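Below you'll find the structure, written out as structure tokens, and then a few comments.
What you see is a predicted model; the values in this text were computed from it and never measured. To find a chain, count down the sequence lines: A is the first, B the second, and so on, and within it residues start at 1.
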Amino acid sequence: QQQVKQSPQSLIVQKGGISIINCAYENTAFDYFPWYQQFPGKGPALLIAIRPDVSEKKEGRFTISFNKSAKQFSLHIMDSQPGDSATYFCAAGYSTLTFGKGTMLLVSP
Amino acid sequence: GAVVSQHPSRVICKSGTSVKIECRSLDFQATTMFWYRQFPKQSLMLMATSNEGSKATYEQGVEKDKFLINHASLTLSTLTVTSAHPEDSSFYICSARDRGQSAQHFGDGTRLSIL
């Protein structure tokens, strides 16, 4: 019940395209769903987060879509740039966070 | 805002040495701090949760006598890897959370290499 499944494992997107990463959770008690971006040798940086009382949240080029009934949420990166190339982790939880396995995103110039 | 500083960034030491890693919240009070371990190209695995002034809560399978955690102030937590061995080599990352907030803010991690 603590698992968070993330897909795809890796993703290649052309510059200017839309990157989409999906996550699914099992524990209905989870009430906080953040996305983190991690560059090699660095700690994860919080990108955007959502709570289950809203279905979508947008901050700049980053959007979270949340489907409570399906227990799924996704990250959309609009107008993807080479500088967005990194590993992205979804997470879910309440007092502690359970992380997905990560998605390596490569944005080609 | 919400800056977390972790030190040192890299440690290389001999087997049997004890290593201390510091995690500081620079611009907020971290009532709760978390310690994670990350293997290459893998996810973050929570090791323990510490609340200021309380004993840490360890995840299943994490040896509390091996990984000593102290959270003596609202801005500082330390992780001491005691009598480290090569299998303890990993990337250790801390995060901190302010009172009443859900967001965890991460440090830049410590690369520990035990020879």
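- Of the atoms belonging to B/R97, it is side-chain heavy atoms, and not backbone ones, that fall under 4.5 Å from chain A.
- Relative orientation of the B/Y92 and B/F67 rings is tilted, given thresholds of 30° and 60° on the angle between their planes.
- Looking at A/F99, both its backbone and its side chain come within 4.5 Å of chain B, counting heavy atoms on both sides.
- A donor-acceptor pair under 3.5 Å is absent between the side-chain atoms of B/T110 and the main chain of B/S9, judged by distance alone.
- Using a 4.5 Å cut-off between heavy atoms, B/I93 contacts chain A through its side chain alone, with no backbone atom that close.
- In this structure, chain A has a heavy atom under 4.5 Å from the side chain of B/Q38, while its backbone stays farther away.
- Looking at A/P44, both its backbone and its side chain come within 4.5 Å of chain B, counting heavy atoms on both sides.
- Both the backbone and the side chain of B/S102 come within less than 4.5 Å of a heavy atom in chain A.
- Contacts between A/F39 and chain B at a heavy-atom distance below 4.5 Å are absent for every atom of the residue.
- The part of A/Q38 that comes within reach of chain B is its side chain, from C-beta onward, which places non-hydrogen atoms under 4.5 angstrom from that chain.
- Between B/D88 and B/V19, every side-chain heavy-atom pair lies at or beyond the 4.5 Å cut-off.
- Atom CD of B/E87 has more than 12 heavy atoms from other residues, nucleotides or ligands within 6.0 Å.
- No side-chain heavy atom of B/M47 sits under 4.5 Å from any side-chain heavy atom of B/Y36.
- Using a 30° and 60° split on the angle between ring planes, A/F73 and A/W35 fall in the perpendicular class, above 60°.
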